[in-house]
Asker: 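The structure that follows is given in the form of structure tokens.
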Amino acid sequence: MVEIHNLMANTDQPLGMDSDPPFHETYKTLFANSIDDEESRTKISQNDDRLVIIEERDPPLIDLSRLGLDEVEKEGCKEEIAHAAHEWGFFQVINHGISKDILEKMRDEQVKVFKQPFHNKCREDKFLNFSAGSYRWGTPTATSLRQLSWSEAFHIPMTDIPTSGAFNSNTLTLSSSMEQFATKVASLAQKLAEILAEKLGHESKFFQEHCLPSTCYLRLNRYPPCPILLEIFGLMPHTDSDFLTILHQDQVGGLQLVKDGKWVAVKPNPEALIINIGDLFQAWSNDTYKSVQHCVVTNPTKERFSAAYFLCPSYETVIESCSKPWVYRKFSFREYRQKVQEDVQKHGYKVGLPRFLI
């Protein structure tokens, strides 16, 4: 859940024709200060660990249909989920209960939304019936191109989904597809969270009680083609500030994560959803499950789309490690979010869990 804050645009002024969103025009100072010298670019390439991909690796692939088989298969599947959350912090799931039809319809409607003109997307409350502030792009706090995320997104609370969609039904029919997708993915998130809690010896209803539709949300993402590969991320390296995230991505690729101290590229699997552990689950599990850094790298010619569901608690929810000795002190989700926002404003990046170490 990297911080991509709203960038207010005056739609009465020229927005620039070079890109949509108008990254070049808005961040022209950063581009003017960027490194243009080819020799310097070569040095960056040689010393940038983001670009040193040792190999393309597949996170663990888990068949969730085994949860409906005999007890041995069911427990084996649960063990694989917990092991992947501990060793990788990322895993893929197939036979997850969300049909190909639902996923394809969701993607089709998502593409239609992002293909709207920039000034329509900026008027999300009037044009799309989303809450004001849903549309976010770029990184207003960026002081260099390395801090700029070359992407745009709609952040949509689950409670807003039934009423979302364009007023012009001939142009967009987003609400129905999004509601089908959200209902299924929210149920899957609860199931996985319960399994992960159970494998820690805590068969509680913590997630059902604290991660409600009013606190969870979808984020629809688009990563436009970017001509400057060496300096700009589609999404800056970050960890997610939730319990867990479920990602449906297209086949363009670009997702990278840290494994064994190295950045590795994740090959898209058309049958799988990607699950990753967030900071809150790492703290709640007392570091048993890992929230690992990940990013999206840019593509010079292709745009990339993804949809992510974030399992989040209310701001008042207190996060307390489920075993002792505690690695982290108790903190509320509100306090955590405030610290993240303060750090992004001050440093340009998120510090995260180290702020709460005992």
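When a residue number appears, it is its place in the shown sequence, counting from 1.
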Asker: Pick out which of Asp343, Asp240, Asp279 makes a salt bridge (charged side-chain N to carboxylate O under 4.0 Å, His left out) with Lys350.
Answerer: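 Among the candidates, only Asp279 passes.
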
Asker: Are His86 and Tyr289 close enough that their ring centres sit under 6.0 Å apart?
Answerer: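 No: the rings miss the under 6.0 Å criterion.
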
Asker: Sort out for me which residue in Phe310, Phe207, Tyr328 forms a ring pair (Phe, Tyr, Trp, His ring centres under 6.0 Å) with Phe281.
Answerer: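 It is Phe207, the one option of Phe310, Phe207, Tyr328 that forms the ring pair (Phe, Tyr, Trp, His ring centres under 6.0 Å) with Phe281.
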
Asker: Under 3.5 Å, is there a donor-acceptor pair between the side chain of Thr139 and the main chain of Leu148?
Answerer: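 No, the answer is negative, given that no donor and acceptor are paired below the 3.5 Å cut-off.
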
Asker: Carefully, step by step, assess Lys290 and Glu87 under the rule salt bridge (charged side-chain N to carboxylate O under 4.0 Å, His left out).
Answerer: CA-CA 7 Å; Lys290 300 299 190 295; Glu87 290 294 327; over 6 Å; no

Asker: Over all heavy atoms of both residues, which pair between Arg66 and Gly76 is shortest? Give the atoms and the distance, please.
Answerer: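 The answer is NH2-C, 3.5 Å.
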
Asker: Tell me whether Ser177 contacts the main-chain N or O of Leu174 through its side chain, where contact means a donor paired with an acceptor under 3.5 Å.
Answerer: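 No; judged by distance alone, with no hydrogens or angles, the pair does not exist.
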
Asker: Can you name the closest pair of heavy atoms from Gln249 and Arg304 and give their distance?
Answerer: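 Shortest heavy-atom separation between Gln249 and Arg304 comes out as OE1-NH2, 2.5 Å.
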
Asker: Taking all non-hydrogen atoms of both residues, which atom of Pro313 and which atom of Phe333 are closest, and how far apart?
Answerer: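 Scanning both residues completely, I find the closest heavy atoms to be O-CD2, 3.5 Å.
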
Asker: Transitively linked via ILVMFWY side-chain contacts under 4.5 Å: Trp284 with Ile358?
Answerer: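 The answer is no; the residues belong to distinct hydrophobic clusters.
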
Asker: Please examine the side chains of Phe356 and Trp326, heavy atoms only from C-beta on, and report whether any two atoms are closer than 4.5 Å.
Answerer: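 No, too far: nothing below the 4.5 Å cut-off.
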
Asker: Between His96 and Ile98, is there a donor-acceptor pair closer than 3.5 Å when you use the side chain of the first and the backbone of the second?
Answerer: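 Between the backbone of Ile98 and the side chain of His96 there is a qualifying donor-acceptor contact (under 3.5 Å).
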
Asker: Has His294 got a side-chain atom pairing as donor or acceptor with Val292's backbone, closer than 3.5 angstrom?
Answerer: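 Answer holds: yes.
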
Asker: Is there a path from Trp150 to Phe114 through hydrophobic residues (I, L, V, M, F, W, Y) whose side chains come within less than 4.5 Å of each other?
Answerer: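 Result: yes, single cluster for both.
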
Asker: Can Glu152 and Tyr135 be said to form a side-chain hydrogen bond (donor to acceptor under 3.5 Å, both in side chains), step by step?
Answerer: CA-CA 7 Å; Glu152 57 179 335; Tyr135 181 57; 2.4 Å; yes

Asker: When rounded to the nearest 0.5 angstrom, what is the spacing between CZ in Arg337 and CD in Glu342?
Answerer: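 Arg337 atom CZ to Glu342 atom CD measures 12.5 Å (nearest 0.5 Å).
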
Asker: How long is the span from the SG atom in Cys211 to the CG atom in Leu311, to the nearest 0.5 Å?
Answerer: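 These two atoms lie 4.0 Å from each other.
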
Asker: Do the side-chain N and O atoms of Asn286 and Thr288 include a donor-acceptor pair separated by under 3.5 angstrom?
Answerer: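 The criterion, which ignores hydrogens and geometry beyond distance, is not satisfied for Thr288 and Asn286.
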
Asker: Would a distance-only check, ignoring hydrogens and angles, find a side-chain to backbone donor-acceptor pair under 3.5 Å from Thr298 to Ile232?
Answerer: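 Looks like yes, one N/O pair under 3.5 Å.
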
Asker: Should the pair Glu109-Lys112 be classified as a salt bridge under the 4.0 Å nitrogen-to-oxygen rule?
Answerer: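 So Glu109 pairs with Lys112 through a salt bridge.
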
Asker: For a quick check under 3.5 Å, do Thr143 and Gln147 share a side-chain donor-acceptor pair by atom type?
Answerer: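 Yes.
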
Asker: State plainly whether one hydrophobic cluster holds both Val111 and Trp137, where clusters connect Ile, Leu, Val, Met, Phe, Trp and Tyr through side-chain heavy atoms under 4.5 angstrom apart.
Answerer: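 Hydrophobic grouping puts Val111 with Trp137.
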
Asker: Would you say Pro225 and Asn299 make side-chain contact, with heavy atoms under 4.5 Å?
Answerer: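 No, every pair of side-chain atoms sits at 4.5 Å or beyond.
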
Asker: If you round to the nearest 0.5 Å, how far is NE2 of His248 from CG of Asn221?
Answerer: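 If we round to the nearest 0.5 Å, Asn221:CG and His248:NE2 are 12.5 Å apart.
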
Asker: Report yes or no: does Ser306 contribute a side-chain atom to a donor-acceptor pair with the main-chain N or O of Leu220 at less than 3.5 Å?
Answerer: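 No, Ser306 side chain to Leu220 backbone: no donor-acceptor pair under 3.5 Å.
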
Asker: So how far is it from Met158 CE to Glu179 CD, rounded to the nearest 0.5 Å?
Answerer: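 With rounding to 0.5 Å, CE (Met158) is 9.0 Å from CD (Glu179).
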
Asker: Would you call Leu257 and Phe90 a side-chain contact if the rule is heavy atoms closer than 4.5 Å?
Answerer: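 Touching, per the 4.5 Å side-chain cut-off.
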
Asker: Quick one: are the ring centres of Tyr336 and Tyr315 less than 6.0 Å apart?
Answerer: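 No, the ring centres sit 6.0 Å or more apart.
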
Asker: Please determine whether the number of non-hydrogen atoms from other residues, nucleotides or ligands lying under 6.0 Å from atom NZ of Lys259 exceeds 12.
Answerer: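 Buried by this count: over 12 neighbours within 6.0 Å.
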
Asker: Hey, are the side chains of Gln293 and His238 touching, using non-hydrogen atoms and a 4.5 Å cut-off?
Answerer: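 Heavy-atom side-chain distance check fails, nothing below 4.5 Å.
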
Asker: Show the nearest heavy-atom pair for residues Gly234 and Ser151, with the distance to one decimal.
Answerer: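 Smallest interatomic distance, heavy atoms only, reads O-OG, 3.0 Å.
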
Asker: Is any side-chain heavy atom of Leu64 less than 4.5 Å from a side-chain heavy atom of Cys77?
Answerer: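 In short, these two side chains touch, coming nearer than 4.5 Å.
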
Asker: Given the rule in the side-chain contact (heavy atoms from CB on, under 4.5 Å) test, do Asp58 and Asn269 qualify, once you have shown the distances and angles that lead to the verdict?
Answerer: CA-CA 9 Å; Asp58 293 323; Asn269 182 334; over 6 Å; no

Asker: Please determine whether a side-chain nitrogen of the Lys or Arg among Lys78 and Glu198 lies less than 4.0 Å from a carboxylate oxygen of the Asp or Glu.
Answerer: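 Here Lys78 pairs with Glu198 in a salt bridge, since their nearest N and O are under 4.0 Å apart.
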
Asker: Determine whether Ile246 and Leu188 make a side-chain contact, defined as any pair of heavy atoms from C-beta on separated by less than 4.5 Å.
Answerer: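 Side chain of Ile246 against side chain of Leu188, heavy atoms only: contact under 4.5 Å found.
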
Asker: Charged N to carboxylate O under 4.0 angstrom, Glu194 versus Lys191?
Answerer: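 Answer for the salt bridge query: no.
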
Asker: Do Gln345 and Pro140 touch side chain to side chain, with heavy atoms closer than 4.5 Å?
Answerer: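 No, too far: nothing below the 4.5 Å cut-off.
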
Asker: For a 4.5 angstrom cut-off between non-hydrogen side-chain atoms, does Lys74 reach Ile195?
Answerer: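 When only atoms from C-beta onward are counted, Ile195 and Lys74 do not touch, as no gap falls below 4.5 Å.
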
Asker: What's the verdict on side-chain contact (heavy atoms from CB on, under 4.5 Å) for Tyr223 and Val296, showing C-alpha distance, side-chain angles and the deciding distance?
Answerer: CA-CA 9 Å; Tyr223 302 90; Val296 176; 3.7 Å; yes

Asker: Is it true that Asp287 and Gln282 share a donor-acceptor pair across their side chains at a distance under 3.5 Å?
Answerer: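 Yes - a donor-acceptor pair under 3.5 Å links their side chains.
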
Asker: In Å, rounded to the nearest 0.5 Å, how long is the span from CD of Gln251 to NZ of Lys267?
Answerer: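 Between Gln251 CD and Lys267 NZ, I get 9.5 Å after rounding to 0.5 Å.
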
Asker: Determine, using the 4.5 Å side-chain heavy-atom cutoff (strictly less than), whether Leu145 and Tyr349 are members of one ILVMFWY cluster.
Answerer: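 In one cluster with Leu145: Tyr349, no.
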
Asker: Applying the 4.5 Å side-chain criterion to the ILVMFWY set and letting contacts propagate, would Leu212 and Leu244 be lumped into a single cluster?
Answerer: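 Leu212 and Leu244: separate clusters.
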
Asker: So which atom in Pro21 and which in Pro224 form the shortest heavy-atom distance, rounded to 0.1 Å?
Answerer: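 Heavy-atom minimum between the residues: CD-CG, 4.2 Å.
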
Asker: Please confirm whether the backbone N or O of Cys295 pairs with a side-chain atom of Gln256, one donor and one acceptor, at under 3.5 Å?
Answerer: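 Not a single qualifying donor-acceptor pair exists.
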
Asker: Test side-chain contact (heavy atoms from CB on, under 4.5 Å) on His83 and Phe91; report intermediate values, then the result.
Answerer: CA-CA 10 Å; His83 182 74; Phe91 56 97; over 6 Å; no

Asker: Could you check whether atom NZ of Lys184 has more than 12 heavy atoms from other residues, nucleotides or ligands sitting under 6.0 Å from it?
Answerer: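 Not more than 12 within 6.0 Å, no.
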
Asker: Roughly how far, to the nearest 0.5 Å, is the CD1 atom of Ile81 from the CD1 atom of Ile62?
Answerer: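 Interatomic distance, Ile62 CD1 to Ile81 CD1, rounded to 0.5 Å: 5.0 Å.
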
Asker: Cut-off 3.5 Å, side chains only: do Ser314 and Thr317 have a donor facing an acceptor?
Answerer: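 Looking only at side-chain atoms, Thr317 and Ser314 do form a donor-acceptor pair, the distance falling under 3.5 Å.
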
Asker: Is any NZ, NE, NH1 or NH2 atom of the basic residue among Glu320 and Arg329 found under 4.0 Å from an Asp or Glu carboxylate oxygen of the other?
Answerer: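 No, this pair does not count.
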
Asker: Could you give me the CA-CA distance, side-chain angles and deciding distance for Asp101 and Ser99, then say whether side-chain hydrogen bond (donor to acceptor under 3.5 Å, both in side chains) is met?
Answerer: CA-CA 5 Å; Asp101 182 60; Ser99 70; 5.0 Å; no

Asker: What heavy-atom pair brings Tyr217 and His155 nearest, and what distance separates the two atoms?
Answerer: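 For Tyr217 versus His155, the nearest heavy atoms are CE1-ND1, 3.8 Å.
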
Asker: Check for a donor-acceptor pair, side chain of Ser134 on one end and backbone N or O of Phe154 on the other, with a separation under 3.5 Å.
Answerer: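 Side chain of Ser134 to backbone of Phe154, a donor-acceptor pair under 3.5 Å: no, none is there.
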
Asker: Salt bridge between Lys115 and Glu303, side-chain N to carboxylate O under 4.0 Å?
Answerer: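 Counted as a salt bridge, because a side-chain N and a carboxylate O are separated by less than 4.0 Å.
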
Asker: Decide side-chain contact (heavy atoms from CB on, under 4.5 Å) for Leu61 and Ile94; before the verdict, give the C-alpha distance in whole Å, the side-chain angles of both, and the deciding distance to 0.1 Å.
Answerer: CA-CA 7 Å; Leu61 182 65; Ile94 56 173; 3.7 Å; yes

